[in-house]
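All remarks here apply to the structure that follows.
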Amino acid sequence: MNAKQSILAKIKDGAFALFTAEQIAKKLRLGKKEQNALFDILRALVKEGELLCDSRMRFGTAEQFGAKAGTISGNERGFGFFMPQDGSGDLFLPRRALNGALHGDSVLAINVGGKNGDEGEVLAILSRGYTEIVGTFRIENKKAGYLHPDERKFAEEIYIPLSLAKGCKNGAKAVAKITSYPAKRSPGGEIVEILGDGDDFFVEELSLIRAHKLREEFPDEVIAEADKKAALSITEKDLAHREDLRGELIITVDGEDTRDIDDAISVSVKNGVYELGVHIADVSHYVARGGVIDKEAYKRGTSVYFPDRVLPMLPKALSNGICSLNEGVDRLTLSCFMTVDKRGKVLRKRVAPSVIRSVHRMTYKEITAIYNGEKQAVEQYPDLVPFVKDAAALTKILQTARAEKGGVTMDIKEAKILYRDGEISIPDYERTLSHEMIEQFMVLANESVASMIAEKELPFVYRVHERPSPEKAQNFATFLEEAGVSVKFNADNVSPEDYRKLLQALEDSPIYSIVNRVMLRSMMKAKYSPENVGHFGLASDCYCHFTSPIRRYPDLCVHRILKQTLVNAQSVKAQFESFVKEASFRSSECEKNATEAEREVDALYIAAYMQDKIGEEYEGVISGVTSFGVFVELANTVEGLIPLESLPEDFYEYAEEKFLLRGTKNSFRLGEGVRVKVAGVDWGTRRTQFAFLGKLL
């Protein structure tokens, strides 16, 4: 055993665990020359990843230090937070304790105590979170410039010699590849893509797409394979073992701007019970598991929707073509048939491969018009009048049944942003019975499918939503009390029924949507999981995503498991047990990233829309109160800030626990109606600024 191996062995067996180099040298009675050799050995062992070294220059293994793996969440002011993989408490990281780690990095870190007992220190960087980053390029001198990242949590600028800048102009948006991480200096890099002028709206949108690493173009081999599949006609072999539903009254119902149609419905009443069919595009028939299309879909995880474009999970030849349930054409589907009684109980359920021919492509507005008995709609679709009547009756039954179970209404207002012919519009928020109809039918199908597989105890991708933590539930209770709402639930064991009753009591209140939004924030995030822990928000014991395989990978996975179960249930475990774990984690991560990207791009469009509304007056409701001003939400869900300095002259005190901005003459609290004028747009935060005009009576 050489000296290096001997030192490592003595540290690992505990003899020299967490010793400094000086302490080890003293134990070994080393001379000065030998000490220098020891220092070189210890530095080499750290560089090789065999040992860790902390700020006190102690050496040891990760276990000896009690180091945990996790990720860094940075801050533009230079400090950060360590978020452990095991879900234990986050640690605050001063700049000096980051030791070269940056936002997004995977690291090993330890708790060093500190003033509040929650200060950490990074001991090792396992992998970098960013290898490329989007930002604005600023030329500093004749030799170099810096890329200033758009991601504010990434606190370091990227140093780029002009020889590696590809001729990027000063102030342009660009993508930089990070090539080096020198100690105590800015990371080094090179420009790999120039996006365009920094003040161009669509360049800003493109930079957000790049920042979230969203995949735009499909590889040539994926396009070629999709075109090949889409060109195939349906054969007798395809129809073998499928139920032929082409003579049934089956329709699709979607928004006017829907880009892909993956679900259809059929409803009838027989012998006093409802026969509901939910027919979903059989994407798995065209996308072979492990094929080039499947691998690309797995990487994307989900389609991503922006006002002016969609980044689909599947190529258009499939998503808008052969898999889309277009009107009047034969399409292969996977159908969930449910027999539902007048109390909303599912008496029977089954799944079968099928073929349909959609009779009508309907919109929510058209279904609502038929339901309301509007003459033009009724005359145009006479065959749908009894259909809609039965579907509406079943919808109300399912609503009541879901409410009795304690299901929470997730009716969160979100801006509907339309972009047509270069114009942005944001209509007032609207939710009709037809929206509720499709939602209830899809939820019931998702629930039925999940329960069928759960009963067989087979591997599956569940959609889960855990109970709120006592801490979050208590924070929500405090918010309600300060908003003047009576709290009647136990934060230590809150139930969906508690939340449902609360929302029901506030249904006609001006703070309903605000309470609903804060309630949603108090809940855990829904995610995909191989373990069934139920869905709190839906008060469901068992739930999955089955209804959108064109745009969500978990649904595609669910379809494959269902079809294999019908063929040979015993083989499902061997084929899918390990994969459902990978798919659940990957799909959850992709969903989170896509949601963040959609939210940021929506904010960009809202800012552009409100830029043209400067000077216009609106009525709104106070949706947030802070120390720096008051947030107001308009009828179309656009939210803006009234800065503190623009409120009526007064001395204001912010009562955080009461969600109240209180002055000697004026006060502002959640839910109050106000009149505002659009004063401007802060493009840095993509936030609309309002001027206060007065309170509504």
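None of the values given here were measured: they were computed from a predicted structure.
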Keeping [X] on the side-chain end and [Y] on the backbone end, is there a donor-acceptor pair under 3.5 Å?
X: Tyr654; Y: Val625; value: yes
X: Arg687; Y: Leu641; value: no
X: Ser186; Y: Tyr159; value: no
X: Ser588; Y: Ser584; value: yes
X: Asp421; Y: Glu423; value: no
X: His212; Y: Ile209; value: no
X: Asn75; Y: Lys153; value: no
X: Ser587; Y: Ala583; value: yes
X: Ser548; Y: Arg551; value: no
X: Asp200; Y: Val203; value: yes

Does [X] count as lying over the ring of [Y], i.e. NZ or CZ under 6.0 Å from the six-ring centre, within 45 degrees of the axis?
X: Arg128; Y: Tyr181; answer: yes
X: Lys695; Y: Phe668; answer: yes
X: Arg300; Y: Phe218; answer: yes
X: Lys472; Y: Phe476; answer: no
X: Lys213; Y: Tyr130; answer: yes

Inset, instruction - Take His545 and Tyr528, measure what ring-ring contact (aromatic ring centres under 6.0 Å, His included) needs, and give me the verdict at the end. - result: CA-CA 9 Å; His545 274 166; Tyr528 298 103; 5.5 Å; yes
Might you point out which heavy atoms bring [X] and [Y] nearest each other, and give the distance in Å?
X: Val630; Y: Leu647; value: CG2-CD1, 4.3 Å
X: Leu162; Y: Gly145; value: CD2-N, 4.2 Å
X: Ala230; Y: Ala317; value: CB-O, 3.4 Å
X: Ser646; Y: Phe690; value: OG-O, 4.1 Å
X: Glu132; Y: Val175; value: OE1-CG1, 3.9 Å
X: Ile158; Y: Ile133; value: CG1-CG2, 4.0 Å

Cationic N near anionic O, under 4.0 Å, [X] to [Y]:
X: Glu296; Y: Arg215; result: yes
X: Arg686; Y: Glu204; result: yes
X: Glu600; Y: Arg210; result: no
X: Arg463; Y: Glu591; result: yes
X: Glu619; Y: Arg675; result: yes
X: Asp555; Y: Arg552; result: yes
X: Lys173; Y: Asp150; result: yes

Heavy-atom check, side chain of [X] versus side chain of [Y], under 4.5 Å:
X: Ile550; Y: Leu318; value: no
X: Ile293; Y: Leu314; value: yes
X: Leu661; Y: Leu644; value: yes
X: Val515; Y: Phe479; value: yes
X: Met610; Y: Leu634; value: yes
X: Lys527; Y: Glu466; value: yes
X: Phe631; Y: Thr626; value: yes
X: Leu503; Y: Asn516; value: yes

If you count heavy atoms of other groups shown closer than 6.0 angstrom to [atom1] of [X], is the number above 12?
X: Glu221; atom1: CD; result: yes
X: Arg669; atom1: CZ; result: no
X: Glu616; atom1: CD; result: yes
X: Arg185; atom1: CZ; result: no
X: Glu217; atom1: CD; result: no
X: Asn141; atom1: CG; result: yes

Legend entry - Stepwise ring-ring contact (aromatic ring centres under 6.0 Å, His included) test for Phe201 and Tyr605: CA-CA 9 Å; Phe201 176 84; Tyr605 273 80; 4.8 Å; yes
Inset, instruction - Begin with the C-alpha distance, continue with both residues' side-chain angles, and end with the deciding distance and a verdict on side-chain contact (heavy atoms from CB on, under 4.5 Å) for Glu649 and Asn666. - result: CA-CA 9 Å; Glu649 191 173 339; Asn666 306 281; over 6 Å; no
Legend entry - Option from Leu311, Val310, Asn593 for which side-chain contact (heavy atoms from CB on, under 4.5 Å) with Val304 holds: Leu311
Inset, instruction - Decide whether Thr368 and Ser434 meet the rule of one side-chain donor and one side-chain acceptor closer than 3.5 Å. - result: yes
Inset, instruction - For the residue pair Asn636 and Tyr618, confirm or rule out a side-chain donor-acceptor distance under 3.5 Å. - result: no
Inset, instruction - Would you please test Thr547 and Asp262 for side-chain contact (heavy atoms from CB on, under 4.5 Å) and show each step? - result: CA-CA 7 Å; Thr547 54; Asp262 47 17; over 6 Å; no
Inset, instruction - Would you sort out whether Ile417 and Asp602 count as a side-chain contact (heavy atoms from CB on, under 4.5 Å), showing the intermediate values? - result: CA-CA 7 Å; Ile417 304 169; Asp602 281 355; 3.6 Å; yes
Legend entry - Candidate pair Glu205 and Arg309, rule salt bridge (Lys or Arg N to Asp or Glu O under 4.0 Å), full reasoning: CA-CA 11 Å; Glu205 181 179 10; Arg309 73 188 81 180; 3.4 Å; yes
Inset, instruction - Could you please spell out the steps behind the side-chain hydrogen bond (donor to acceptor under 3.5 Å, both in side chains) verdict for Tyr543 and His465? - result: CA-CA 9 Å; Tyr543 195 70; His465 188 208; over 6 Å; no
Inset, instruction - Before giving the answer on salt bridge (Lys or Arg N to Asp or Glu O under 4.0 Å), spell out for Glu589 and Lys525 the whole-Å C-alpha distance, their side-chain angles and the decisive distance to 0.1 Å. - result: CA-CA 12 Å; Glu589 291 297 302; Lys525 299 292 185 184; over 6 Å; no
Inset, instruction - Output, in order, the C-alpha distance, side-chain angles, deciding distance and verdict of ring-ring contact (aromatic ring centres under 6.0 Å, His included) for Phe154 and His103. - result: CA-CA 5 Å; Phe154 198 96; His103 174 65; 7.3 Å; no
Inset, instruction - Take Val632 and Phe692, measure what side-chain contact (heavy atoms from CB on, under 4.5 Å) needs, and give me the verdict at the end. - result: CA-CA 10 Å; Val632 175; Phe692 176 72; over 6 Å; no
